[in-house]
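Everything numeric here is computed off the predicted structure, so don't read it as measured data. Throughout, protein chains are lettered first and strands after them, A, B, ... in sequence-line order, and every chain is numbered starting at 1.
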Protein chains: 2
Amino acid sequence: MTKPADKPANKPGYRPLESLPTTTDLADFKVGVDTVIFSVDTEQNRLLVLLVMRHEKPYSGYWSLPGTLVRVGESLEAAADRALTEKIRVNNLYLEQLFTFGGPDRDPREAEDAYNIRYLSVSYFALVRYEDTALIADGVRGIAWYPLSQVPKLAFDHNQILTYGCKRLRSKLEYSPVAFDVLPETFTLSDVYQLYATVLGEDFSDYSNFRTRLLKLGILEDTKVKTSRGAGRPASLYRFDAEAFQPLKDKPMVFL
Amino acid sequence: MTKPADKPANKPGYRPLESLPTTTDLADFKVGVDTVIFSVDTEQNRLLVLLVMRHEKPYSGYWSLPGTLVRVGESLEAAADRALTEKIRVNNLYLEQLFTFGGPDRDPREAEDAYNIRYLSVSYFALVRYEDTALIADGVRGIAWYPLSQVPKLAFDHNQILTYGCKRLRSKLEYSPVAFDVLPETFTLSDVYQLYATVLGEDFSDYSNFRTRLLKLGILEDTKVKTSRGAGRPASLYRFDAEAFQPLKDKPMVFL
DNA sequence: GCAACTTATGGTTAATATAACCATAAGTAC
DNA sequence: GTACTTATGGTTATATTAACCATAAGTTGC
């Protein structure tokens with residue numbers, strides 16, 4: 001796997017074991033950040049993931065999670081943010097660390113590299129408002145919102161990372177009010193229910209019971225504005241009341 | 001901070017910006033794993049963390065979380081396991097990833113290093129049975145179980161990592177049966193209650209109600225053996241029934 | 001305009017779970 | 001034996017949950 005010919009030989013990293021000084025059998029890493037960005041299209045009622053098309057090796061021609069390699073002096077969060085803002089313009093953003101994948105052989109570049117540099121990926125989990133978000137088309141690379149059900153085979157181990165992201169989305173939805181980070185500024189109670197139903201499965205709760213539980217929490221403000229989307233009785237538009245939520249911050253809340 | 005004199009100069013990493021090729025402004029990393037290992041002493045009813053004394057720079061003379069740097073060809077989990085089994089001999093082990101700390105300036109070695117190598121730490125969360133565990137005394141380094149309340153100022157950002165570990169311990173205890181990974185093979189219902197009370201706070205639940213809830217789950221097997229520790233009526237010893245728990249695995253369980 | 005349909009809203013009710021107790025059993029300490 | 005200590009097994013009022021149902025207020029088709 002190693003081809004030490006055309007590159008300087010006095011680098012740290014892998015060498016034949018007999019010549020290994022004790023300190024240099026430590027692995028050398030490049031660190032990448034990859035972000036699972038979720039959003040929801042309330043019009044069409046679809047859960048979306050942001051993917052970017054790769055045009056460079058390895059995995060050229062594959063879709064992948066937006067990511068980048070960490071630069072000198074840059075924090076992990078800053079790198080995640082940079083990779084994100086290169087691709088979308090976003091107002092509201094929820095971002096938290098997901099998982100770190102760092103095993104050997106997770107990146108084909110490791111095998112091709114003469115010095116056995118390893119690639120570790122710190123993955124992040126992000127939620128954005130579909131309506132507040134604009135994709136940055138740079139003409140070169142494809143960027144697209146994919147419905148979660150239609151995501152293809154991705155580059156690297158990104159399908160695995162996405163699976164972790166989905167798990168996290170579910171538990172976050174059950175135990176915290178992140179729903180209001182993905183939903184538009186004002187929304188109907190049905191919108192909230194539809195989001196929960198699509199993520200948690202159809203049979204998670206009766207709509208009527210969900211409504212009463214949600215309203216009893218006292219964290220939604222009724223704007224009194226009525227909306228009428230297609231058929232049916234017009235619904236009230238609600239707004240998330242962050243101040244009313246403050247005292248509930250540490251208490252366990254379950255929407256199931 | 002950089003002292004490039006006595007080391008080879010053709011390494012990747014930081015160089016003056018003007019001479020930076022675009023690809024080499026990527027940061028170079030060493031990756032460490034640090035593990036927060038919890039245990040509980042049911043005799044004295046104390047929650048314990050395993051700490052090791054450092055005898056090398058940096059932070060020589062400070063207590064720290066057991067950890068090591070990842071070697072060539074080694075997975076993160078394998079490194080965590082190696083660091084652990086060097087210090088304790090353990091039968092039962094619960095291990096999961098905690099958080100990744102990777103910002104610049106988190107390790108003093110970064111500033112002293114001529115090539116600006118950064119140190120990233122993937123932290124792990126572990127639970128072991130105090131009774132099944134033997135500390136490996138190698139004569140050189142100190143290893144000790146510290147009661148959580150008496151943990152001193154640790155090396156690096158390990159106090160911060162420990163804080164993350166405590167949070168994780170609390171949520172794990174509330175939502176999963178990890179308690180039975182720290183408790184001895186057989187235990188009384190009081191033992192379980194004491195563990196929950198010390199981790200979650202005194203006022204988390206009435207003992208009697210806790211008992212009934214716990215028994216109703218049907219995941220504990222009564223060994224019928226009675227124990228008598230000091231005064232009071234002898235208590236039944238119970239055993240965790242892993243098979244009975246299987247069907248409940250994905251269901252939310254709350255002990256609050 | 002009117003019947004049929006669709007979605008929103010605001011209930012009811014039985015079953016279940018929770019919180020705050022209390023009574024008694026079965027050992028040890030003196 | 002009496003006092004104390006811990007374990008065990010209740011009871012009861014209250015709150016929560018799940019499964020419905022009735023009506024309101026719009027749109028659609030004719």
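Aromatic ring pairs are classed by plane angle as parallel below 30°, tilted from 30° to 60° and perpendicular above 60°; the pair B:Tyr196 and B:Phe210 is tilted.
Checked against the 6.0 Å centroid criterion, the rings of A:Tyr164 and A:Phe125 do not qualify as a close aromatic pair.
The distance between atom CG of A:Asp191 and atom P of C:dT7, rounded to the nearest whole Å, is 13 Å. Atom-to-atom, NZ of B:Lys224 to P of D:dA7 comes out at 18 Å; the value is rounded to the nearest Å.
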Per-nt protein contacts along nucleotides 8-15 of chain D (heavy atom under 4.0 Å; B base, S backbone sugar-phosphate only, - none) come out as BBB-----

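One finds a side-chain N or O of A:Arg213 lying less than 4.0 angstrom from the OP1 or OP2 phosphate oxygen of D:dA18.
Applying the side chain to side chain contact (heavy atoms under 4.5 Å, CB included) rule to B:Gln44 yields the partners B:Asp41, B:Arg46; only residues at least two apart in sequence or on another chain are considered. Not counting sequence neighbours, the partners of A:Tyr207 by the ring pair (Phe, Tyr, Trp, His ring centres under 6.0 Å) test are A:Tyr193.
Not a single donor-acceptor pair under 3.5 Å links the side chain of A:Tyr59 to the backbone N or O of A:Leu154.
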